[in-house]
Amino acid sequence: MPVATPEIYAEMLDKAKRESFAYPAINVSSSQTLHAALQGFAEAGSDGIVQVSTGGAEYISGPTIKNMVTGSIAFAKFAEEVAASYPVNVALHTDHCPKDKLDGFVRPLLELSTERVKSGGLPYFQSHMWDGSAIEMDENLEIAKELLAKAKAAKVILEVEIGVVGGEEDGVVGAIDEKLYTSPEDALATAAALGLGENGRYMTALTFGNVHGVYKPGGVTLRPEILKQAQEVVGEKYGVDKPFDLVFHGGSGSSPEEISAAVDYGVIKMNVDTDTQYAFTRPVAAHMFSNYDGVLKVDGEVGNKKAYDPRAWGKAAEAGMAARVAEACENLRSAGTKL
């Protein structure tokens, strides 16, 4: 199936909310990791989301070029072509974009999508994330209002972060303190500033103890009930059940029980990056250790071309990551739900 249209993406998100499941949003940084994500979704019978971060977009453009817009558009065009061969719908998303990178990432991408839509085409990406977690709440929401209007014109969904995700991802560092927990007042302020869909659709990354990076279950204190509180306080004021489309960030190492509770409270998208990075790299390490005399020209020998051909270990890497993506679909209850 082709990359999701704005209408298909909206139906994907509506279905997730209606049927109480979430889509894994898989960070990718190459054609290989993209194929691994698509294969994982296909194996699980799940539609899904693939996304590029600022660092991922730079890498795709070429490690010596480092142009986020070039990398993003190249990724989107490539995905449009290859995704059509997989039997699931996939939406394209850009991950965390802090304030200092807006002019080099999200704003120009929105402009390019707007031009494409005006010409009768589809937006390059189906959603973009604005990460205002490092600035004051008032400014975060002011910028979100500006971006939401532009996203609506481009037929794109905006994702906003209300609260702080701890740890580090692509140079964005969040302190591990009380700001990891979004307050009911923050949720009400978000609804007041952005509306509940009438000004454009958006997803909300409310934080409940989330931390980017590597940690084991129990390493941080997740409080999914914060999501329930936010939904209830805003829903009561506006007379809407589960008013927010919620996103779960920093989920690596979360227990199945924590994931399930978050989905029950309205999470429809969960970012998965650290775990799939490891799942991609682990088979490569195994291949290199097992075939060290083939991938290295030991003692002046010629090695084994079949062992050091990138396709040899690349296929193993993709299979490992695909299996982890399929596992994420099972954990988030999206397996078998494709439109």
K.L.:
Kindly indicate, with the supporting measurements, whether the criterion side chain to side chain contact (heavy atoms under 4.5 Å, CB included) is fulfilled by V52 and D95.
P.N.:
CA-CA 6 Å; V52 291; D95 201 9; over 6 Å; no
K.L.:
More than 12 heavy atoms of other residues, nucleotides or ligands under 6.0 Å from NZ of K155: is that the case?
P.N.:
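For K155, atom NZ is not crowded (no more than 12 foreign heavy atoms under 6.0 Å).
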K.L.:
Consider side-chain contact (heavy atoms from CB on, under 4.5 Å). Of V240, L188, T190, which one does V234 pass it with?
P.N.:
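In the set V240, L188, T190, the residue that makes a side-chain contact (heavy atoms from CB on, under 4.5 Å) with V234 is L188.
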K.L.:
Between G303 and K297, which heavy-atom pair has the shortest distance, and what is it?
P.N.:
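Closest heavy-atom pair between G303 and K297: N-CG, 4.2 Å.
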K.L.:
Less than 4.5 Å apart, side chain to side chain, heavy atoms only: is that true for V88 and M1?
P.N.:
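The answer is no, as the side chains (C-beta and beyond) never meet within the 4.5 Å cut-off.
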K.L.:
Taking the side chain as every heavy atom from C-beta outward, state whether Q51 and I26 have any atom pair closer than 4.5 Å.
P.N.:
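Result no, sub-4.5 Å side-chain heavy-atom pair not found.
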K.L.:
To the nearest 0.5 Å, what is the distance between CG (L246) and CZ (F208)?
P.N.:
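One finds 8.5 Å between CG of L246 and CZ of F208.
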K.L.:
More than 12 heavy atoms of other residues, nucleotides or ligands under 6.0 Å from CZ of F78: is that the case?
P.N.:
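Enclosed: over 12 neighbouring heavy atoms sit under 6.0 Å from CZ of F78.
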K.L.:
Search all heavy atoms of P24 against all heavy atoms of V272 and return the closest pair with its distance.
P.N.:
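Taking P24 first and V272 second, the nearest heavy atoms are CB-CG2, 4.4 Å.
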K.L.:
Take atom OH of Y308 as the centre, draw a 6.0 Å sphere, and report whether it contains more than 12 heavy atoms from other residues, nucleotides or ligands.
P.N.:
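Counting neighbours around OH of Y308, more than 12 heavy atoms of other residues, nucleotides or ligands fall under 6.0 Å, so yes.
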K.L.:
Does either side chain, that of E159 or that of H93, offer a donor lying less than 3.5 Å from an acceptor on the other one?
P.N.:
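Their side chains do contain a donor-acceptor pair, which is all the 3.5 Å distance test asks for.
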K.L.:
Take V267 and V247, measure what side chain to side chain contact (heavy atoms under 4.5 Å, CB included) needs, and give me the verdict at the end.
P.N.:
CA-CA 5 Å; V267 165; V247 180; over 6 Å; no
K.L.:
Could you check if a side-chain atom of L196 sits within less than 4.5 angstrom of a side-chain atom of Y202, using non-hydrogen atoms only?
P.N.:
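Heavy-atom side-chain distance check passes, below 4.5 Å.
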K.L.:
When hydrophobic residues are tied together by side-chain contacts of less than 4.5 Å, even through go-betweens, does L13 share a cluster with I8?
P.N.:
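Same cluster.
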K.L.:
Take E111 and R107, measure what salt bridge (Lys or Arg N to Asp or Glu O under 4.0 Å) needs, and give me the verdict at the end.
P.N.:
CA-CA 6 Å; E111 290 173 6; R107 285 192 177 113; over 6 Å; no
K.L.:
With the side chain counted from C-beta on, respond yes when D245 and R201 share a heavy-atom pair under 4.5 Å apart, and no when they do not.
P.N.:
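Result yes, sub-4.5 Å side-chain heavy-atom pair found.
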K.L.:
So E11 and R18, salt bridge (Lys or Arg N to Asp or Glu O under 4.0 Å) or not? Walk me through it.
P.N.:
CA-CA 10 Å; E11 176 53 27; R18 187 170 61 243; 3.1 Å; yes
K.L.:
Do D103 and P108 touch side chain to side chain, with heavy atoms closer than 4.5 Å?
P.N.:
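Contact flag for D103/P108 side chains = no.
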K.L.:
What are the two closest heavy atoms between A307 and A312, and how far apart are they?
P.N.:
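Residues A307 and A312, closest heavy atoms: O-CB, 4.1 Å.
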K.L.:
So which heavy atom on Q32 is nearest to which on G314, and how close?
P.N.:
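Heavy-atom minimum between the residues: NE2-CA, 3.3 Å.
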K.L.:
What's the separation between atom CG in L34 and atom CD in E318, rounded to the nearest 0.5 Å?
P.N.:
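The CD atom of E318 is 9.0 Å from CG of L34, to the nearest 0.5 Å.
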K.L.:
Assess the residue pair H96 and S53 against the criterion (side chain to side chain donor-acceptor pair (under 3.5 Å)); give the C-alpha distance rounded to whole Å, side-chain angles, the decisive distance to 0.1 Å, and a yes or no.
P.N.:
CA-CA 6 Å; H96 292 269; S53 63; over 6 Å; no
K.L.:
I'd like to know whether CD of E198 has more than 12 heavy-atom contacts from other residues, nucleotides or ligands below 6.0 angstrom.
P.N.:
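Counting other residues, nucleotides and ligands, CD of E198 exceeds 12 neighbours.
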K.L.:
Please report the interatomic distance CZ(F280) to OG(S30), rounded to the nearest 0.5 Å.
P.N.:
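Here the rounded value is 5.5 Å.
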K.L.:
Between T182 and T204, is there a side-chain heavy-atom distance shorter than 4.5 Å?
P.N.:
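Side chain of T204 against side chain of T182, heavy atoms only: no contact under 4.5 Å found.
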K.L.:
Does E58 use its side chain to pair, donor to acceptor, with the backbone of N67 at less than 3.5 Å?
P.N.:
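No, the answer is negative, given that no donor and acceptor are paired below the 3.5 Å cut-off.
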K.L.:
If you measure from the Lys or Arg side-chain nitrogens to the Asp or Glu carboxylate oxygens, is any gap between K118 and E115 under 4.0 Å?
P.N.:
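No, no charged N to carboxylate O under 4.0 Å.
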K.L.:
Atom OG of S61 and atom CZ of F75: how far apart are they, to the nearest 0.5 Å?
P.N.:
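Going from OG on S61 over to CZ on F75, the span is 13.5 Å.
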K.L.:
Taking 4.0 angstrom as the limit, do D309 and K315 come out as a salt bridge?
P.N.:
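No, this pair does not count.
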K.L.:
Given side chains that start at C-beta, do those of W130 and K99 come closer than 4.5 Å, heavy atoms only?
P.N.:
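Yes, side chains in contact.
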K.L.:
Check the pair R333 / E19 against salt bridge (Lys or Arg N to Asp or Glu O under 4.0 Å), numbers first and verdict last.
P.N.:
CA-CA 9 Å; R333 311 196 290 247; E19 299 181 12; over 6 Å; no
K.L.:
Sequence neighbours excluded, which residues qualify as side chain to side chain contact (heavy atoms under 4.5 Å, CB included) partners of A16?
P.N.:
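Result, side chain to side chain contact (heavy atoms under 4.5 Å, CB included) vs A16: F21, Y23, I268.
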K.L.:
Could you give the distance from CG (N140) to CE (M137), rounded to the nearest 0.5 Å?
P.N.:
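Between atom CG of N140 and atom CE of M137 there are 6.0 Å.
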K.L.:
Check whether any side-chain N or O of N291 sits under 3.5 Å from a backbone N or O of G294 as a donor-acceptor pair, and report yes or no.
P.N.:
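Side chain of N291 to backbone of G294: no pair is present.
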K.L.:
Answer with yes or no whether the hydrophobic clustering places V50 together with M129; edges join I, L, V, M, F, W, Y residues whose side-chain heavy atoms lie under 4.5 Å apart.
P.N.:
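V50 and M129: separate clusters.
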K.L.:
Does this structure show an ion pair linking E146 with K150, if we count only N-O contacts that are shorter than 4.0 Å?
P.N.:
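Yes, charged N to carboxylate O under 4.0 Å.
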K.L.:
If Ile, Leu, Val, Met, Phe, Trp and Tyr residues are connected whenever their side-chain heavy atoms lie under 4.5 Å apart, and connections chain through other members, are L332 and M12 in the same group?
P.N.:
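No, separate clusters.
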K.L.:
Take atom NZ of K15 as the centre, draw a 6.0 Å sphere, and report whether it contains more than 12 heavy atoms from other residues, nucleotides or ligands.
P.N.:
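Yes.
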K.L.:
Between T33 (side chain only) and S29 (backbone N and O only), is there a donor and an acceptor less than 3.5 Å apart?
P.N.:
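Pair found, side chain donor or acceptor close to backbone of S29.
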K.L.:
C97 vs V106, test: side chain to side chain contact (heavy atoms under 4.5 Å, CB included). Steps then yes/no.
P.N.:
CA-CA 7 Å; C97 181; V106 166; 3.7 Å; yes
K.L.:
May I have the step-by-step check of salt bridge (Lys or Arg N to Asp or Glu O under 4.0 Å) for D47 and K338, ending in yes or no?
P.N.:
CA-CA 5 Å; D47 299 320; K338 70 175 183 177; over 6 Å; no
K.L.:
Check L38 against A83 and note the closest heavy-atom contact, atom names and distance.
P.N.:
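Distance-wise, the nearest heavy atoms are CD1-CA, 4.1 Å.
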K.L.:
So Y124 and S72, do their side chains get closer than 4.5 Å, heavy atoms only?
P.N.:
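Not in contact.
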K.L.:
Would V325 and V28 show up in the same hydrophobic cluster when neighbours are defined by side-chain heavy atoms closer than 4.5 Å?
P.N.:
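Yes; tracing contacts between hydrophobic side chains, which count when under 4.5 Å, links both residues.
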K.L.:
Quick one: does any side-chain atom of R324 pair with a main-chain N or O of T276 as donor and acceptor, under 3.5 Å?
P.N.:
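No, because the side chain of R324 does not come within donor-acceptor range (under 3.5 Å) of the backbone of T276.
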K.L.:
In terms of relative ring orientation, are H35 and Y86 parallel, tilted or perpendicular, with 30° and 60° separating the classes?
P.N.:
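H35 vs Y86 ring planes: tilted.
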K.L.:
Evaluate the side chain to side chain contact (heavy atoms under 4.5 Å, CB included) criterion for residues M203 and S127: first the C-alpha distance (whole Å), next the side-chain angles of each, then the deciding distance (0.1 Å), finally the verdict.
P.N.:
CA-CA 9 Å; M203 296 182 283; S127 51; 4.1 Å; yes
K.L.:
Passes side chain to side chain donor-acceptor pair (under 3.5 Å), S334 versus T337? Steps please.
P.N.:
CA-CA 6 Å; S334 71; T337 65; 5.0 Å; no
K.L.:
Assigning hydrophobic clusters by single linkage (Ile, Leu, Val, Met, Phe, Trp, Tyr; side-chain heavy-atom cutoff under 4.5 Å), is V263 placed with I49?
P.N.:
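No; tracing contacts between hydrophobic side chains, which count when under 4.5 Å, never links both residues.
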K.L.:
What verdict does the side chain to side chain donor-acceptor pair (under 3.5 Å) test give for E43 and Q39, after you've listed the backbone C-alpha separation in whole Å, the side-chain angles of each residue and the deciding distance to 0.1 Å?
P.N.:
CA-CA 6 Å; E43 290 174 1; Q39 183 59 33; 3.2 Å; yes
K.L.:
Looking only at the side chains, is there a donor atom on one of Q277 and D273 sitting less than 3.5 Å from an acceptor on the other?
P.N.:
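Checked: Q277/D273 side chains pair up, N/O donor to acceptor below 3.5 Å.
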K.L.:
What's the separation between atom NZ in K152 and atom CG in L147, rounded to the nearest 0.5 Å?
P.N.:
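Answer for the NZ-CG pair, K152 versus L147, is 15.0 Å.
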K.L.:
Any side-chain to backbone donor/acceptor pair from K228 onto D264? Under 3.5 Å, distance only.
P.N.:
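No, because the side chain of K228 does not come within donor-acceptor range (under 3.5 Å) of the backbone of D264.
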